[in-house]
Every structure is written in structure tokens, then in C-alpha cells.
There are 2 protein chains.
Amino acid sequence: MVRRPKGPSIKDIAQAVGLSTAAVSYALSGNGRVSIETQENVRRVADAMGFIRNDTAARLRTGESNLLGVIVHDISNPFFAELLSDFEAFCYEAGYLTIVANTKDDLVRQATLIDALVAQNVAGLLISPGHTTSRDMMAGLRRRSKPYVICVRDINDPSADFVGADDETAGYLAARHLIDTGIVEFGFVGGHEGSKTWAGRLQGIRRALGEVGKSIAPQHIIPTSPTNEGGETATKRLLEMNPTCCAAICFNDYVAFGAYAALHLAGRLVGVNYSIVGFDNLPQSSSLLPALTTVDLFPRKIGRHAAATLLEKVRGVGSEPRRYLVEPRLVARHSVAGTLPHLRL
Amino acid sequence: MVRRPKGPSIKDIAQAVGLSTAAVSYALSGNGRVSIETQENVRRVADAMGFIRNDTAARLRTGESNLLGVIVHDISNPFFAELLSDFEAFCYEAGYLTIVANTKDDLVRQATLIDALVAQNVAGLLISPGHTTSRDMMAGLRRRSKPYVICVRDINDPSADFVGADDETAGYLAARHLIDTGIVEFGFVGGHEGSKTWAGRLQGIRRALGEVGKSIAPQHIIPTSPTNEGGETATKRLLEMNPTCCAAICFNDYVAFGAYAALHLAGRLVGVNYSIVGFDNLPQSSSLLPALTTVDLFPRKIGRHAAATLLEKVRGVGSEPRRYLVEPRLVARHSVAGTLPHLRL
DNA sequence: CTGAAAGCGCTTACAG
DNA sequence: CTGAAAGCGCTTACAG
């Protein structure tokens, strides 16, 4: 660490203008008590000297902060990247800056990061907790009544606001779509067994099947990592073990991409004699052949709503902790048999 | 903004332990001058009270900062999301936290953001400048000798380090691959005309063609937005205007996805009677049918290298500004005619 | 309309 | 080994 020439402080400006630092502060903030002419003069000189107010010092004095923290397990995940992008944009408009940090699903790192952000005196925190996070891990935040909202992964913290996707409804919509086209036997492939998201989607699937007096066979449920490769592996297994089954709900669109590959290799035709539904509606899902039918979870909307909720708490608008689930939407395209308008190949 | 109960300060701990704040500070930092027993005692009490040191105050006193700023036009762009993810991880390991901000390619916002991050007293900045950013916009940073590195989009700032992709080589590799399979007539579709990236790739394409005594026809160059839709539009135009042309280099993988859609609609078979090459190697590009041949630009590597470069400057390791271009790599798959191993459908 | 002074929470020379 | 004091760059009651 090297000492570098600092920018000018209000002291330097005060000297240049021949006023006290107090007067300069008042002039710059416009908090009355200084004539318009003085204000303008001070501002002009400050600009000329390249003055940038040290927010950090102001914060120390006033106790107010325009910094927000975001903790997620992986920013490069497109779902979180979109969520974060809209969160940041919303907060920026409201005058707040955003610090982000990746936990990589490491709970120790998560705890360290929470403290590190508190140490930066952030006004509030948005946290997508790592797997198996308990609400005890938020004890430090509660103790100093630092506002925080939990997003995406619920941890049953009754004292915290939660904003996330409605996985149960999402699962229901996917299954319902299949059922509506006459398919009642299908697999659920990919995703980490026992994760909240996975369990929620499966529950929705079960509900939809239950409504028509059916259920999903245990051997049709094949969890794997929620990736391309996971999808390919899981789909291969599903094909081998269940030759009569000709449809699968994939844990997400990546998994669906893998399923396409596996089906191609097996000589099956997606949208013709095999049906696939995904979750997330990634931008490229519409470009697959055939275009992927999927459930949109609206991560950007989650980001904006989380931002609005957090900002309310930061500003001290008191209210009971709330849960807000963004309504998912089925995007019907052509990967479900019977929905392909025409086939040219 | 509401005043909330603050966490304990070293003053509170000093009182609890019966020492001066100075002694507490020394004990906590371990900077000698305090007996081991006292250190342990102070640490125990501090933990019990839930003490978290206010970095912001320490920074004010010492002038050192463990905050870094990142300014990009869009974090939700997967290329930048991956770059940022590795940048953050690298800096975290080194003890730094990362503030991110989106400019949305708005130069006013970019300028505001730079000042806002300086106001937070960041130790350094990583900037992917908006289109038409001139080096004058970095004048404020230079004046206060705030370390910064430019990434991805070059602005010809001789006083700044630059880390980015080697677009010229990337374009060359794509074209070379086509030429090697016997294709010398092809389009270059999608991307904003005149952007550095676009121009770089085109230049590489021209070099490869030049080596075999060919050139690209102006009507084969069709810029559009670098998106799915842009790719579809551009490819349709290319097909209409140039019926004999049966290959295209797409500005990026998104554009390639759109090209697939357009070709499908036109009854062309990618990898059979039409060849496509993209850039970026998105995770899902391998799942297209046929799998997309593309050039990987390694955004994560750019992120890590940018982090290492910035940290060096922050720590005052003096050196001449350097340019570092990450070497791209062709990922040959099956979207180029003659490279498809077998066709089953 | 303006100035002198205190204080936010730390760290670090300066004394002892 | 430890304490009293100054100071980082601001803001804001308190006087005038």
C-alpha cells in the first residue's frame, strides 16, 4: 500500500476561497445559511480544484450510508446476474451504490462477507443464502438491527423479508402444460435433491398430477447437478430405465439443453416423439431447435422488488416482515409434442 | 433514513475491559505493544459484544482502502458476469471488496459513477468504458493518481493499463477455420458497426482472407445489434441478398443463435449446407444442434488478469502501463459444413 | 449571514 | 507494557 497524493478536501477549498470549512460544507450541501453568491463561488472553486466529497468521512459523522451489500453464491449464474443488474439499477436511481460478493456456497465465506460488509457500514444487505444456512447466521445483523432481505432461497427466518420465485407454482405450470397436451407420464430430471428450489418445483408437479388422479413414479425423478452435463446424464438414465416414458420436466434450461443432446444421440425427436419443458427462459432457449418451452421466473423483477423492499427498511418505513413471490409464467414454444406447428428438415 | 442502534465501538470495549481505546486498538490489530493475555482478553470481550471494526473509520485515519470499484455497461451480459465473478473472487482472496455499477452505456452515468466510487475512497477502479469514451474522462482519476485499469474496450489511453480479448486474432481464427475447410465466401453478421470489438474481429477476418488472396465483399458485412434478434435479421438479409454465399461468421454466440433460427426457417441445414462460427463459447453453445463452432475469449481469465494488474498498481508496484490480450481459442464443433461427424435425424 | 468547536470511530506517533 | 492526544474529512449544533 502506498501513500498517494490525495484529492483536495474542504479544508483546501476553504483556504482557497477564504472561508471556514463549515461555510464550505454548507455551501456545497446547499443547507441554507450561506448566500447564493457564496454558494456559487464555492462550487465553482471546488469544481475547478477537482473536489470530490469524501462520502466515507461524511458517513462517519452522520451515521448515514449510501452503500448497499449483495451476497450471492455466484454472480456469473445468469439468473443472479439479471437479478443483480436490476437490483443495482433500481438502487442507483435511489442514490445507493452496490457492493457484491460471491460466497461460492461456502458458509464460512458467507459469514466473513456479512461481517466485511457490515464493517463497510452498508445501509442494508441483500442475501441469497448458501445451502443449509440457518437463521442463526443472521443473528449479528439482527443484533445491530441492520436491515437485510433474503432472496431466492428461503431460510424460514420469520423476522426477515423474503423475495423469491414461486417454485411451487412454476412446477405446477410446467406439469399442467404437459397434462393439458395429454401427457401424464414424465420424468423430473436434474437439480440438487433436497434444495428448496428443487423440492418446490417437484411439489408443484405433484399437485398438478394429483389433480388428475396421477402421481410421479420415484424412478422418474433423477436429480443431478443443475447443468448441461447433468441434464445429459439424467436424461440418458431416464431413457434407459423408462423406455415408455416420453417426456421430461428439466430442472432448468441448462438441464434442458443437456436433455436435447441426450435425446439427439438416442435418435429421439424433441417436440415430435419426446417432450421437454425447462425453467428460466434463458435468452437462447428460444433459439433451440425446436424452441424450448419453459417457465419464466423473472429474476429481474425479483431484483427490483428486493431493492424496493430493502430500501423501505433502510429508510425506516416500519412494517411486518413480508414474503413476496414473483408469479412465474409458462412460455409455450415447440418442445412439447403436439405443439410444433410444422416440421421441416 | 432512520437512526438505528449502532454496534459497539472500541470505546465500548475499552470501557468493558478497563483499558484505553488505544490499547484496545493495539490488542485487536495485534500490532505489538500489548501483552498476549491482554490481547486475548480484549478479543474475547470484543467477540462477546459482537464487535465489528468500522473499516470506514479506519480508512479515514490511515488513508488505506480495501474497496475496489468496477464499472461496466451491463453486468447481466454473461461475458461481463463471468469476468466480474473471477475478478471479485481474486480480489476477495487478496482482502478486497468489490463495488459494481452498470452504466448502460450512458456516458453521463459513467462519469457520475466514477466520481461516486472515488467518493467511496476505493483503492482502484476497473472500467469497461462505454462507447465513445475518450481518455479525457479519466482525467479526474489521473489527477488524483487513483489507480485504474481499462478492460475489454480499448480507449487508447497511453497512461492506462489495458486487459482485454484479442479480437483481431479471434476474428482471424474464425475465418481461418472456414478457409481451412475450403470456404472463402462468407458473411460477417451482427454487432455494432464501428465498435472496437466489431472492427477488431473484422480486421482479423480480412487478414485471414488476405493470406489466401481473397477479401470479404461489402454486401456480406451486415451489422445489427449483437443479439439473438439481430442475428436472425442479419442472416435473413444475407440469405436474400447473397444466395450463393453459404457461410457466416457471427459477431457472437447470441447472434449465432439467431442465425440458426433464420436458417431453419429458410430450410438450410447448419453444418450440412451452411456454416456458422460464433464468438464467446457460451455454456449452451455446445448444446445447439449441431453444436456451435465458436471462438472462446476467456472472460474469466480477463477478470483475473485485470484484478492482478489493478492490485499491483494499488500496492504501488510501479511499472509502465501494459497491454495484455488474452489469447482466444477456436472451439471446433459441428456447425461448419464438413465437420459434422454423422447426421441422424 | 458566518465562524469556532465538537465529534463520528478509528490509528499511531509521542510520552511515560 | 500502557495512556493521553492528535488527526483523517466531514457535518452540525452552538454562538455571535
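Here is the naming used below: chain letters follow the sequence lines, and residue numbers restart at 1 for every chain.
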Exercise. Applying salt bridge (Lys or Arg N to Asp or Glu O under 4.0 Å), name anything that partners B:E93, two or more places apart in sequence or on another chain.
Key: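 B:E93 satisfies salt bridge (Lys or Arg N to Asp or Glu O under 4.0 Å) with A:R109 once adjacent residues are dropped.
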Practice problem: Mind checking salt bridge (Lys or Arg N to Asp or Glu O under 4.0 Å) for B:E88 and listing every partner two or more places apart, or none if nothing turns up? | Solution: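 Scan of B:E88 (salt bridge (Lys or Arg N to Asp or Glu O under 4.0 Å), adjacent residues dropped) gives none.
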Quiz item: Can you tell me if the side-chain N/O atoms of A:R53 get under 4.0 Å from OP1 or OP2 in D:dT11?
Solution: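 Yes, A:R53 has a side-chain N/O under 4.0 Å of OP1/OP2 on D:dT11.
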Partners passing side chain to side chain contact (heavy atoms under 4.5 Å, CB included) against [X] (at least two apart in sequence or in another chain):
X: B:S195; value: B:H131, B:H192, B:T197, B:W198
X: A:D74; value: A:S76, A:N77, A:N102, B:S85
X: A:N121; value: A:R59, A:K146
X: B:R43; value: B:L28, B:Q39

Quiz item: Under 4.0 angstrom, heavy atoms only, what part of the nucleic acid is B:T56 near: base, sugar-phosphate, or nothing?
Solution: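 Nothing: the residue B:T56, judged by heavy atoms under 4.0 Å, touches no strand.
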Quiz item: Who are the ring pair (Phe, Tyr, Trp, His ring centres under 6.0 Å) partners of A:F79, not counting sequence neighbours?
Solution: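 By the ring pair (Phe, Tyr, Trp, His ring centres under 6.0 Å) rule, A:F79 matches no residue at all.
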Self-check item: Identified stems (criterion: three or more consecutive Watson-Crick or G-U pairs, under 3.5 Å), DNA chain D
Solution: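 Runs of three or more consecutive pairs: C:1-3 with D:14-16, C:5-12 with D:5-12, C:14-16 with D:1-3.
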Quiz item: Given that A:L28 and B:T38 both sit by DNA chain D, which one's nearest nucleotide is further toward the 5' end?
Solution: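 Closest to the 5' end, via its nearest nucleotide, is B:T38.
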Exercise. Return the 5'-most residue of the pair A:D55, B:I36 with respect to DNA chain D, ranking by each residue's nearest nucleotide.
Key: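 Upstream on the strand: B:I36.
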Quiz item: Near DNA chain C, which residues from residues 18-25 of chain B have a heavy atom under 4.0 Å away?
Solution: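 Contacts with DNA chain C under 4.0 Å: B:A22, B:S25.
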Practice problem: State which of C:dG9, C:dC10, D:dC10 makes the closest approach to the side chain of A:L60. | Solution: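 Within the option list, the nearest is C:dG9.
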Exercise. Could you state the atom-to-atom distance from NZ of B:K11 to C1' of D:dG3 in whole Å?
Key: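 Taking atom C1' of D:dG3 as the reference, NZ of B:K11 is at 16 Å.
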